[in-house]
Enquirer: 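Once you've had a glance at the structure underneath, I'll fire off some questions.
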Amino acid sequence: MEVKEHEIPVAAAAANARIRTKVFADGVPASYGNLTGFHAGYFRISLSLCGQALLWKTLSEPSGGASGGSHALRRLARSVPAVAHLLLWSVALAVLAALCFLYALRCALRRRHVAAEFSHHVGVNYLFAPWISWLLLLQAAPPAAAPLSRALWWVFVAPILMLDVKIYGQWFTDGKRFLSLAANPTSQMTVVGNLVGAQAAARMGWPEAATCMFSLGMAHYLVLFVTLYQRLVGSSSLPAMLRPVFFLFIAAPSMASLAWNSIAGEFDVGSRMLFYLSLFLLASLVSRPALFRRAMRRFNLAWWAYSFPLTMLALAATEYDQEVKGVVADALMLFLSALSVLVITVLVVFTVLRAGDLFPNGDDPFAPPPPPPPLGSSNNTSSFEVSC
Amino acid sequence: MDGKENLSSTKESSDSERFPSIFKYIASNSISGFDTTPSPRSDIALFEVPEVIEDDIQERPDNVILPTSQDQTGGLAHAHSISISMPSSPTLFQAEHSYGFLACEKSISYLTKDELNNHVTANSSSHQKMEAKCHSQPISFGRSNTVATSDVLTQSNKFKDKRYDSFKTWSGKLEKQISNLRGKPPEPEIENLTKNTKREVVPAHRFFDALEGPELDKLKASEVLVLPEDKKWPFLLRFPVSSFGICLGVSSQAILWKTLATSPSTSFLHFGLTVNLVLWCLSLALLGIISSIYIVKIILYFEAVRREYYHPIRVNFFFAPWISCLFLAIGIPSSIGIKLHAALWYVLMGPIFLLELKIYGQWMSGGRRRLSKVANPSNHLSIVGNFVGALLGASMGLNEGPIFFFAVGLAHYCVLFVTLYQRLPTNETLPKDLHPVFFLFVAAPSVASMAWTKITGEFGFGSRIAYFIALFLYASLAVRINFFRGFRFSLAWWAYTFPMTGASIATIRYSVEVTNIFTQILSVALTAISIIAVASLLTSTVVHAFVLRDLFPNDIAIAISGSKVDKNINTSDNGACQSVSNGDHYQANQKEGPSLA
């Protein structure tokens, strides 16, 4: 069954043109054409939701060791009912499962596009996102799921490790994908992946594995941080619509702070320094609204990039408050948690209202140039898809 | 086209009475096509009337006639504004007419008296044939030979005032307000066509294009300044923000002497606290004086301050006053007996925090000012502020604040350190040979080591690592002392002494922890080096200030033009039209009077 909408032979150079030609020759109905545009960036939604579930779980737990001076602020912040957390967790689980299913479908049916995404310097980093979401969900799970969690940890960390080896190795060996060329703010997703794995391991009582993943993440974070700050001439620049991913600058040190907190057992100086660094970066980004102006004109998927880092920062603030009790710490925790909840609520509302903007419309941003038409075949049987 | 022939203006021609008629004639023929003048004229100066600028031409005659009627005040402002148009064909072009000066009605003019005279003499003997089409600005007024040079001199004050107006706050209006308030009679309102001198934003790359040298203060040969090069500018315009380096140097010396007197490991030297007191009071006085001068500069010459802020190296010196305040607070003699309140720390760190947000944010996201392009050793000044603040805060007993600034400083120091060590080929500002600015490398680790000691309460491994790094950097610079020769003294050198002092203080602190003969010798040696360096700098400063009287030379770095203007307008064809097009462009930027873009 071939569905031909247009038959326009397009050369590879025309991949930049806004021509949508969907000529499928592999028997897939056109209605599944949207899979082409369903890239891993959609997992930002699940990242945000799972992160939020973890935050609500942390906030709904009674703050351990609250001495007599439990301030009103802290009580307010920790007044999330357990039911709400369970509800959110279920929603997050459902969304993540759906997204994973869709992406698995895409892997099966749009192999070429997935391969193209894997080679793209921005797209490849979001391949970590599903696994991070699963790990966060695992940590946010209600206690009933505890027995499975250890096994599941291995299941989710293994792909992260494999991706690590591939991507980090590329950074200094593959000429076309050297770090100096490929570094961009989304590369911090790789670091976040390692750190989430480290935190999960530490919480499950595996200090060695936790330290291993932590050191892996931090070593590459150091290199990446410097490279990103340098903004070397010739490095690939991010399209203006993706500027919200700059918030990942906040996510990485917050996650590192949380991971070290779990490993060291307390929110010591190292964690604090990382937490303060992420606070500073938040202040730095928030004081530059012009950076995000173009991305904020229309609702698009990149907006979901705001939520996850803020959630991680709020989580770090919660741990900070746990250690350093005081009015300032309480206020910080309350403010950041409220901000995180607000942002994700706004995003959910926007998504519901303007779902059309979010749907993949067949345009795959990482599309490879279409292959040349096979020799000897007529136009009718040409089987290339061009999307821009 | 007879009109064209007559359109030639002889600014300084002997028949001055022809001026009015010529310019009236210009007015009436302003719109007609202009470009070819078939016959040469003996005293044709360059003159073209662009088609596109009608209203401009209409206005011009009015102004131009002014000089004949009113020779004294306003006229001279116009007298000095000469715009010259170039024919594009080389055959038409004579060397004498190669003046690429642009008309500046009000404030900025390249012309000085001398150049004017040259123009006068040259033009009178010119032969010229103009054929080609060439866009240009009309000549507004030409200086007549008959105008005595003495007139120029008497008016030079006003003239000079106008030239610096673009650097003044609100283009000089503030100054007028102040003088009005003080009861001076208002100056005759010079008819000016410029309503507001457009503030020229100098982009970052202009500083790299136009300047060179380790402090980006030497003008490249191909550049011109917007202020006259041969006149001595007003004092405030010559007072750079890097003067705050003196405060840094002296206040860090005060801390050194305090440490020498109070540390058990150096007690064998038997220094009292007197030197500390004297130096502390001296640095307090210096800070007060320099701050007040600079505040006056901000009030009166805000545009100049803004330009300093845009300068990639000078911007780091904006941290210097706050760091000096922090040093003063650290080095306060105990005999004064004031207990510093924690609120003071927040007050001092506030400006540093805001400046940091701006500068580090620029590194991360600024297009033109990305770190790989602008990184230079002076950026250490922005990093050191964090560590000094952490040191002071920890001394005051604060906990979280010092760690905050230490973390931020450490993260960005890593970035800067790696970048500077890489010496990226895209980096334009690193001096190829060594310059005292390199000593700033030593500052950050030594202060960080002391800050960490205060935070953790002991000279632990972290502090030692930082200290050894500082020591290594100091040694690797000290053995290359030969490469530090041959640089012109500038006030900013004072800022480069405080790293040496910081290293000495850190060594003394280390010797308290690890007391043996070697560390004591090292502390004495480093202290001696630091004191000698400061003393020699003091001598140089005094010599330059009172003997050579060039302590404050013209601050070239802030007077570069906003866009490239070709300095050498010469006979070449390309040169001519290049200059004109640049001139047009420059005009567009300057926006004087009728825009001649």
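As the structure is a computational prediction, the values presented were derived from the model and not from experiment. All values below come from the heavy atoms of this structure, side chains included, with hydrogens, waters and symmetry mates left out. To find a chain, count down the sequence lines: A is the first, B the second, and so on, and within it residues start at 1.
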Enquirer: Write down the atom of A/S284, the atom of B/G361, and the distance for their closest heavy-atom approach.
Expert: OG-CA, 3.7 Å
Enquirer: For a quick test of reading the model, state the closest non-hydrogen atom pair linking B/A407 to A/Y276 and the distance between them.
Expert: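 Taking every non-hydrogen atom into account, CB-CB, 4.3 Å.
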Enquirer: Locate the shortest heavy-atom distance separating B/V408 from A/L277; write the atom from each residue and the value.
Expert: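 Answer, listing the atom of B/V408 first, then A/L277: CA-CD1, 4.4 Å.
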Enquirer: Check step by step if side-chain contact (heavy atoms from CB on, under 4.5 Å) holds for A/V269 and B/W452.
Expert: CA-CA 11 Å; A/V269 181; B/W452 194 246; 3.4 Å; yes
Enquirer: Is atom CZ of B/F472 surrounded by more than 12 heavy atoms (other residues, nucleotides or ligands) closer than 6.0 Å?
Expert: no
Enquirer: For B/L357 and A/F280, which heavy atoms make the closest approach, and how far apart are they?
Expert: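 That closest heavy-atom pairing would be CD2-CE1, 3.9 Å.
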Enquirer: If you count heavy-atom pairs under 4.5 Å between each of B/F353, B/F405, B/F417 and chain A, which one has the most?
Expert: B/F353
Enquirer: Is B/W322 atom CH2 crowded by more than 12 heavy atoms from other residues, nucleotides or ligands, each under 6.0 Å away?
Expert: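 For B/W322, atom CH2 is not crowded (no more than 12 foreign heavy atoms under 6.0 Å).
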Enquirer: Non-hydrogen atoms of chain A under 4.5 Å away: do they reach the side chain of B/L416, the backbone, both or neither?
Expert: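 No part of it gets close to chain A.
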Enquirer: Working note: A/L228 + B/M364, criterion side-chain contact (heavy atoms from CB on, under 4.5 Å); need CA distance, chi angles, decisive distance, verdict.
Expert: CA-CA 7 Å; A/L228 286 176; B/M364 185 180 11; over 6 Å; no
Enquirer: Kindly compute the distance separating CH2 (B/W363) from CD (A/Q230), expressed to the nearest 0.5 Å.
Expert: 10.5 Å
Enquirer: Is A/Y320 close to chain B through its backbone or its side chain, or both, or neither, when contacts mean heavy atoms under 4.5 Å?
Expert: side chain
Enquirer: Any non-hydrogen side-chain atom of B/E400 less than 4.5 Å from a side-chain atom of A/V328?
Expert: no
Enquirer: For A/F275, is it the side chain, the backbone, both, or neither that has a heavy atom closer than 4.5 Å to a heavy atom of chain B?
Expert: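 No part of it gets close to chain B.
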Enquirer: Starting at CE of A/M273, measure out to CD1 of B/I455 and round the result to the nearest 0.5 Å.
Expert: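 Going from CE on A/M273 over to CD1 on B/I455, the span is 8.0 Å.
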Enquirer: Does A/R288 reach the main-chain N or O of B/K358 with its side chain, forming a donor-acceptor pair under 3.5 Å?
Expert: yes
